[in-house]
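By convention in this document, chain letters (A, B, ...) are assigned in the order of the sequence lines, proteins followed by strands, and residues within each chain are numbered from 1. In this text the structure is predicted, and so the values were computed from the model without any measurement.
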Amino acid sequence: MPNMSLEKNAMPVQDPKVRSGNFEEVALGYTAETAVDEATRCLNCKHRPCVSGCPVGLKIPDFIKKVAEGDFEAAYQIISEDSSLPAVCGRVCPQETQCEAKCVRGIKGDPVGIGRLERFVADYHNAHTAALPERPVSNGHKVAVIGAGPAGLTCAGDLAKKGYEVTVFEALHLAGGVLVYGIPEFRLPKTIVQTEIDNLKALGVAVDTNMVIGKVLSIDELMDDMGYEAVFIGSGAGLPRFMRIPGENLNGVYSANEFLTRVNLMKAYRQHSATPIRHAKRVAVVGGGNVAMDAARCARRLGAEEVSIVYRRSEAELPARAEEVEHAKEEGIVFRLLTNPVEILGNEQNEVVGIRCVEMELGEPDESGRRRPVVKEGSEFDIEVDSVIMAIGTSPNPLIKSTTKGLETQRWGGIVADEKGQTSRPGVFAGGDAVTGAATVILAMGAGKTAAASIDEYIKSKD
Amino acid sequence: MYKILSKQVLNPTVMRMEIEAPLIAKKAEPGQFVILRAEPEGERIPLTIADFDRDAGTVTIIFQIVGATTEVLSHLSAGDSLADFVGPLGVPSRTEGLHKVAVIGGGVGCAIAYPIAKKLHQNGCEVHSIVGFRSRDLVILQEEFRQVSDKYVLMSDDGSTGEKGLVTDALRRLIESGERYDEVIAIGPLVMMKFVSLLTKEYGIKTTVSMNPIMIDGTGMCGGCRLTVGGETKFACVDGPDFDGHAVDFDEAIQRSAIYRSFERKKHEETCKLYQGGAV
């Protein structure tokens, strides 16, 4: 008999008062008992709507059935057939708009906690199984992957499982992409990312760090001189966007990319870190996505007394995961909604002292279907802050586009790729933020997975 | 790991190192830079490429000890390795099609000005090098500059070597004496580049400066290296590091370069203490 409780088993979390002063993981994970109980809420529907909501097509009811039976390792094996990074997805996917949005149990009550179960299974495996996956027999074909973020790692993992010899070229000194420079430790511990990368290395994936493709080597050199038969571009999001308002270059204004890179990749939150960071008292974070939530919560943990999210639409339009918004609120982050900055104010030393905003109201829906925010006349007001973090998105990195002949890009700079990941250059595939602009980890993984299948098909068709 | 093949002390605070980095050496051009970490857990710092040898597979860096990372770097020796060495980053300096150029170097900036002077000289361009240092002890690359320059003017703040005065004094004199430059290329402290640019603006001479703002990744991701150039935000790592000196907002760049000064000073002192205590 299925467990007919209308409520999802709650996720145990660190107390908000305690956690807003540390960088340890917020969500603590289900126990085996809770996981089994939650798993029995799954009705194992014949038409499997949840699977259609998953960008990588995880066989959700099958793995949940194994959890319900208490066979957690078998559940892991089912997940890893489709996902190269299960411990990551269980933590950072926006399940409420994907798999869980389609769950039949969600019609009346909470959907099954699919993300929480996935996380439990992956953590169980990593804690109980020391054995690394076995390296498949090589098929003798070489593929290059540019960028060791979620798209690239997924593509590399899928190809390695099929026997391809894959080298991932990473620009930074550490593999992981946004998983290591962007998403904070308290949401995604870096040891988890490292475990997933070690698993890929055991499959035979080589990771070559400190390699900026487009500068040190071109795609043409990879293919013509170095014997790579296909290339996957997963170079991710690029330069941060700014609002083009006065004061954005004042001291104390960060892009979220810079702020998060200092904190996460360069460990600026640690006492003896070599990398400096501003320990501001009052911080405004502009934007409403996951990146904005991450930046706000990092600023809080670095000791800020007041951190506000400044967002021009209303709560309903916040693009961040519901759980992140909830966690941010619990940690005392102030949400200044329907508010838009018009100027950042500085003093004579060029230091930020405030942010001037206007109030907004929602008008008619725009192209995105969301109601367009309109300025309320005469509503200008100032907020006193000593740091501002701009989290309003990124534009694509120009390095690969400018050094690869015949690679078509959109007007805004994104690489043109079809639904299979094929670019305008034969043998060159692309996916993730480099194609779509800033999106989610799971969409990048989905694109990496699709491209891996296309690369396999492409190389086989040449034989 | 990136092996240090040789190390040479150029003056009490400036050193030259040759690093084994064949892939970077193969692609490097004057004006480009590398990002390095001296040790794991260290910070990433940008350094402009001072020279490269494609056949030997080496890249030369010249650095001044100014903070914790350069302090650590200065204690490494030939045979040791750097944790990370990434490049070549940034857009190469434009050296084609120029017939007569004044290359201005200030202090350790001469390390970056030299490869550009050399490349111009190889292209058959007439090169007038004007280099400035605080005093005689700090002069670097004198012979190297002489070899690639049709005219070499050495200036010092205290008059202990060359002529007493600023590089702008020498540049103004040369221009006033009738020298007609296609372009002035100035590399050195921000204040020097600002005043060179103000001077050349008076005479309407195109001026290129090499900006070295605070950077983290150096690949076009973090946006920390942004500058205002001609009223627009530019990123030194992918749009530069060379910019039109007449369009750069130097005052903003000077203020931005000081963001972490107190942290850097403290960190440097801590690092020095570690070495003095013999703990490392």
State, with a plain yes or no, whether a side-chain heavy atom of [X] is found less than 4.5 Å away from one of [Y].
X        : Y        : answer
B:Cys237 : B:Leu89  : no
A:Phe259 : A:Val283 : no
A:Leu174 : A:Lys190 : no
A:Glu185 : A:Arg301 : no
A:Phe23  : A:Val263 : yes
B:Ile45  : B:Leu36  : yes

Task: Contacts with chain B made by residues 385-395 of chain A (heavy-atom distance under 4.5 Å), listed by residue number - done: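 Those residues of residues 385-395 of chain A which would need a heavy atom under 4.5 Å from chain B do not exist here.
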Who among [options] has the most heavy-atom pairs with chain A under 4.5 Å?
options                                : value
B:Glu264, B:Glu43, B:Gln255            : B:Gln255
B:Glu270, B:Arg256, B:Lys267, B:Glu252 : B:Arg256
B:Thr69, B:Leu23, B:Ile216, B:Asp251   : B:Ile216

Task: Proximity breakdown for A:Arg270 and chain B, heavy-atom pairs closer than 4.5 Å - done: side chain
Open item on the list: Between A:Ile277 and chain B, with a heavy-atom cut-off of 4.5 Å, which part of the residue counts as in contact: side chain, backbone, both or neither?
Closed with: backbone
Is it the side chain or the backbone of [X] that comes within 4.5 Å of chain A heavy atoms, both, or neither?
X        : result
B:Ile24  : both
B:Arg44  : both
B:Gln32  : side chain
B:Tyr2   : side chain
B:Thr228 : both
B:Ile35  : neither

Find the one option among [options] whose heavy-atom pairs under 4.5 Å with chain B are most numerous.
options                                : result
A:Pro398, A:Ala274, A:Pro276, A:Ser402 : A:Pro276
A:Asn249, A:Asn350, A:Leu172           : A:Asn249
A:Glu248, A:His173, A:Glu351           : A:His173
A:Lys267, A:Arg262, A:Met211           : A:Arg262

Task: Pairing of B:Asp51 and B:Arg16 as salt bridge, 4.0 angstrom limit - done: no
Open item on the list: Between B:Asp217 and B:Thr219, is the side chain to side chain donor-acceptor pair (under 3.5 Å) condition met? List the steps.
Closed with: CA-CA 5 Å; B:Asp217 66 300; B:Thr219 65; 2.6 Å; yes
Task: Heavy-atom donor-acceptor pair, A:Thr436 side chain to A:Gly432 backbone, under 3.5 Å - done: yes
From [atom1] ([X]) to [atom2] ([Y]), nearest 0.5 Å:
X        : Y        : atom1 : atom2 : answer
B:Ile116 : B:Glu29  : CD1   : CD    : 11.5 Å
A:Ile344 : A:Arg356 : CD1   : CZ    : 12.0 Å
B:Ile61  : B:Ile4   : CD1   : CD1   : 7.5 Å

Task: Test side-chain contact (heavy atoms from CB on, under 4.5 Å) applied to B:Ala56 - qualifying residues, sequence neighbours left out - done: B:Asp53, B:Thr58
